2 protein chains.
Amino acid sequence: MALRPVKPQHETRTRILDAAEELFMQHGFEGTSMRQLTARAGVNLAAVNYHFGSKDALIEAVFKRRLDPMNAERVAALDALEKDGQALASVDIIRAFVVPSLRLIEDAKGGGRNFIRLLGRTYTEPAKTVRALIGQMYAPTMERYKRALERALPQMPADELVWRMHFMFGTLAYTLAATDTVQLIAGCKPEDRYDARLLEERLTVFLAAGLHAPLESSIKKAA
Amino acid sequence: MALRPVKPQHETRTRILDAAEELFMQHGFEGTSMRQLTARAGVNLAAVNYHFGSKDALIEAVFKRRLDPMNAERVAALDALEKDGQALASVDIIRAFVVPSLRLIEDAKGGGRNFIRLLGRTYTEPAKTVRALIGQMYAPTMERYKRALERALPQMPADELVWRMHFMFGTLAYTLAATDTVQLIAGCKPEDRYDARLLEERLTVFLAAGLHAPLESSIKKAA
DNA sequence: GTCTATATCCTGATAGAC
DNA sequence: GTCTATCAGGATATAGAC
């Protein structure tokens with residue numbers, strides 16, 4: 001029972017998940033039918049319900065497959081940074097958060113790029129269930145990063161930090177969702193478009209600057 | 001034929017547009033059926049096809065109604081700023097772009113808030129037609145703002161500016177889409193959540209800082 | 001302009017043979 | 001575990017009376 005070459009054990013599940021990633025990204029959840037999906041995956045129509053139970057359960061499985069490892073990677077990166085015991089620079093915290101998601105845009109073959117665009121798009125997804133699902137998958141990681149930033153920026157008011165984290169998260173989300181599509185980037189060299197290192201550096205620098213924006217704005221003048 | 005009190009001339013059209021804004025925002029385009037939509041609007045099922053021709057044409061009308069005036073406002077704001085003839089500060093350019101969209105979040109009654117969330121969500125919308133539609137409605141305004149920023153920041157490399165505009169646009173998009181929903185803002189005072197002035201100041205400060213982030217990052221070290 | 005009734009098609013899900 | 005055939009319902013769109 002050992003050494004059988006390719007053993008297509010969960011192969012059908014994987015094919016379905018890959019096809020779902022791609023089609024959900026292209027057409028959204030409601031815009032993708034089980035017929036399209038199973039045809040693309042090269043499996044039978046009934047296979048999705050057999051392996052996952054329902055379309056909703058499939059959606060959940062699509063996110064779970066990638067999101068759990070991605071957030072584990074983020075937390076591990078923070079752990080590694082904090083090992084030294086010395087204070088963290090906020091740039092490093094930002095980079096630790098950004099990198100695990102951006103790296104996937106280079107994984108065109110394995111479908112990571114499809115997922116990452118789907119993920120970016122889903123942050124603003126209206127669907128009741130989906131948003132809650134993602135939110136709870138993210139919650140512990142977000143809490144962890146919030147505490148890290150609080151320690152790195154003790155002088156920043158709590159509500160200001162919350163807003164700036166919100167903005168940062170949004171910039172990342174849009175960047176993930178739009179890497180392929182946006183007309184603006186037309187001005188950018190095509191070979192740079194999928195260079196994750198370049199993008200993560202650009203994005204990190206931008207976010208760090210925003211996070212450190214001066215506090216004495218006209219907001220305070222009003223008080 | 002004058003002075004009839006309320007003349008419900010295009011009233012049916014308006015009711016349909018309002019209902020569409022709300023339901024598209026809540027459930028997406030594919031997730032909203034004509035039956036739901038006409039029921040919510042209090043009009044007959046056939047009315048949509050009579051007044052707009054098709055569901056797709058309705059979607060287009062929803063965006064046209066708000067987007068054209070909004071972008072006109074943006075261009076007018078730039079015109080006003082440039083009237084003096086002196087160089088513009090990039091903060092003012094950013095604010096001129098951001099304000100016309102954020103102000104709509106205070107229009108809960110007129111449906112502006114619904115639209116603004118729909119708009120934010122639609123920037124990352126997968127649907128083929130919709131994205132193209134929005135893109136072409138925005139193109140001239142974006143071009144105009146790009147030139148203004150180029151003049152305000154002559155020292156910035158062209159490709160760097162394009163990326164930073166991309167990030168800025170993304171942050172705004174996400175902010176629009178998520179004003180209501182995101183769990184992060186739970187830490188924020190509830191009465192501030194719909195205060196457009198506060199939000200636009202916070203966002204403008206954040207974006208301006210990101211736009212002016214130092215250029216000598218590790219990107220340059222690689223060269 | 002508004003409404004009812006309906007045509008045509010596609011959706012997610014399942015029963016049951018293999 | 002995979003397939004075919006099918007169910008029950010919902011989708012957009014339209015024809016035609018009022």
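Below, chains carry the letters A, B, ... as their sequence lines are ordered, and counting in each starts from 1. As the structure is a computational prediction, the values presented were derived from the model and not from experiment.
When the nucleotides C/dA13, D/dG1, D/dT14 are ranked by their closest atom to the side chain of B/Asn49, D/dT14 comes out on top. Out of C/dT11, C/dC3, D/dT2, the shortest distance to the side chain of A/Arg35 is found at C/dT11. Between D/dG1, C/dG12, D/dA13, one nucleotide has an atom nearer to the side chain of A/Tyr50 than all others, and that is D/dG1. Closest approach to the A/Asn44 side chain among C/dT4, D/dT2, C/dT2 is made by D/dT2 (side chain taken as heavy atoms from C-beta onward). The side chain of B/Ala46 lies closest to C/dT4 when the candidates are D/dT2, C/dT2, C/dT4. For A/Thr12, whose side chain is taken as the heavy atoms from C-beta onward, the closest listed nucleotide among D/dT2, D/dA13, C/dT2 is D/dT2.
Note: CD (B/Gln36) to P (D/dA11) measures 7 Å, nearest angstrom. What separates CE of B/Met34 from P of C/dA5 is a distance of 19 Å, to the nearest Å. Between B/Glu11 atom CD and C/dG1 atom P there is a gap of 13 Å when expressed in whole angstrom units. Straight-line distance from the CD1 atom of A/Ile16 to the C1' atom of D/dC3: 14 Å, rounded to whole Å. Going from atom CD of B/Glu30 over to atom P of D/dG10 covers 18 Å, rounded to whole Å. Rounded to an integer number of Å, the gap from A/Leu45 CG to D/dC7 C1' is 13 Å. A/Arg15 has its CZ atom 13 Å from the C1' atom of D/dT2, to the nearest Å. Residue A/Arg13 contributes atom CZ, which lies 12 Å from atom P of D/dT2 at whole-angstrom precision.
Across A/Ile93 and A/Leu81, no two heavy atoms sit closer than the pair N-CD1, 4.5 Å. Heavy atoms only, all atoms of each residue included: B/Asn44 and B/Thr38 are closest at O-CG2, 3.4 Å.
B/Thr38 comes within contact range of no nucleotide atom at all, as no heavy-atom separation falls under 4.0 Å.
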*Show your reasoning for whether salt bridge (charged side-chain N to carboxylate O under 4.0 Å, His left out) applies to B/Lys64 and B/Glu60.*
CA-CA 6 Å; B/Lys64 228 179 159 32; B/Glu60 181 163 350; over 6 Å; no
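Ionic pairing of A/Asp18 and A/Arg65 is present here: one or more N-O contacts between side-chain nitrogen and carboxylate oxygen are shorter than 4.0 angstrom.
In terms of phosphate contacts, B/Ser33 brings no side-chain nitrogen or oxygen within less than 4.0 Å of OP1 or OP2 of D/dG10.
Looking only at distances, no side-chain donor or acceptor of B/Thr204 sits under 3.5 Å from a matching main-chain atom of B/Glu201.
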